[in-house]
Amino acid sequence: MKTVEKSISQNVKSAPSKGVKANPDAAQGLRDLFEHELKDIYWAEKALIKALPKMIKNATDTELVAALTKHLEITKEQVSRVEMVFKTIGIKAEAKKCEAMEGLIKEAEEIMESTKLGVVRDAGIISAGQKVEHYEIASYGTLCSMAKILGEQEAASLLNKTLNEEKEADSKLSQVASTINVEAFQEG
Ligand SMILES: [Fe+2]
């Protein structure tokens, strides 16, 4: 047996005894997990509202500034939409710290500090912005799928609307990157 296969088979055999110790307030089922994830994205969106102005201030390309400014406005609407989802499923809107978004925002700041104001920093801001968008796409995709399974059709359609907005923001950034990355390369 190959080493990898051997290791997989050993892990499968020992799987029931493995895993981290669950917290006392651990999710009881998919609905609990869904609510937990919703609180996570609620925190993430609110954190993004605070972080985006700094990214806008540091961007120089007019198209990039416009794309980020538009996304800031959309993000504010998304926060309200998450609040609507909480209402739809009958629970109080509550934010739970999202470690991933905190890290992504920190990384955006690091990228800005490690580049000079100009086209190279613009390219870095796009990179950081797209990482954020991909995290959000993954989160809303999961939430939407869970909502459907839980029979929360209204929540699913609200979440799907935001999912599409995040995908749109991501492709806009890809489009801006196609020119900015070339300019950044030419600058040396
Ligand atoms: Fe968002």
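Reckoned from all heavy atoms, side chains included, excluding hydrogens, waters and symmetry mates. Start at 1 and go down the list; that is how both ligands and their atoms are numbered.
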>> Please determine whether Glu133 has a backbone or side-chain N, O or S atom lying under 2.8 Å from the Fe ion (ligand 1).
In response: no

> Of Asn160, Leu158, Val82, Asn164, which meets side chain to side chain contact (heavy atoms under 4.5 Å, CB included) against Tyr140?
Replying inline: Val82

> Side chains of Ser174 and Gln130: is there a donor and an acceptor less than 3.5 Å apart?
Replying inline: yes

> Do NZ/NE/NH1/NH2 and the carboxylate oxygens of Arg81 and Glu165 come within less than 4.0 Å?
Replying inline: yes

> Counting backbone and side chain alike, does Gln78 bring an N/O/S atom below 2.8 Å of the Fe ion (ligand 1)?
Replying inline: yes

>> Restricting to N, O or S, what is the name of the atom of Glu136 that lies nearest the Fe ion (ligand 1)?
In response: OE2

> Is it the case that more than 12 heavy atoms not belonging to Glu154 sit under 6.0 Å from its CD atom?
Replying inline: no

>> If I take the Fe ion (ligand 1) as the centre, what angle separates the OE2 atom of Glu45 from the OE2 atom of Glu166? Nearest 10 degrees is fine.
In response: 90°

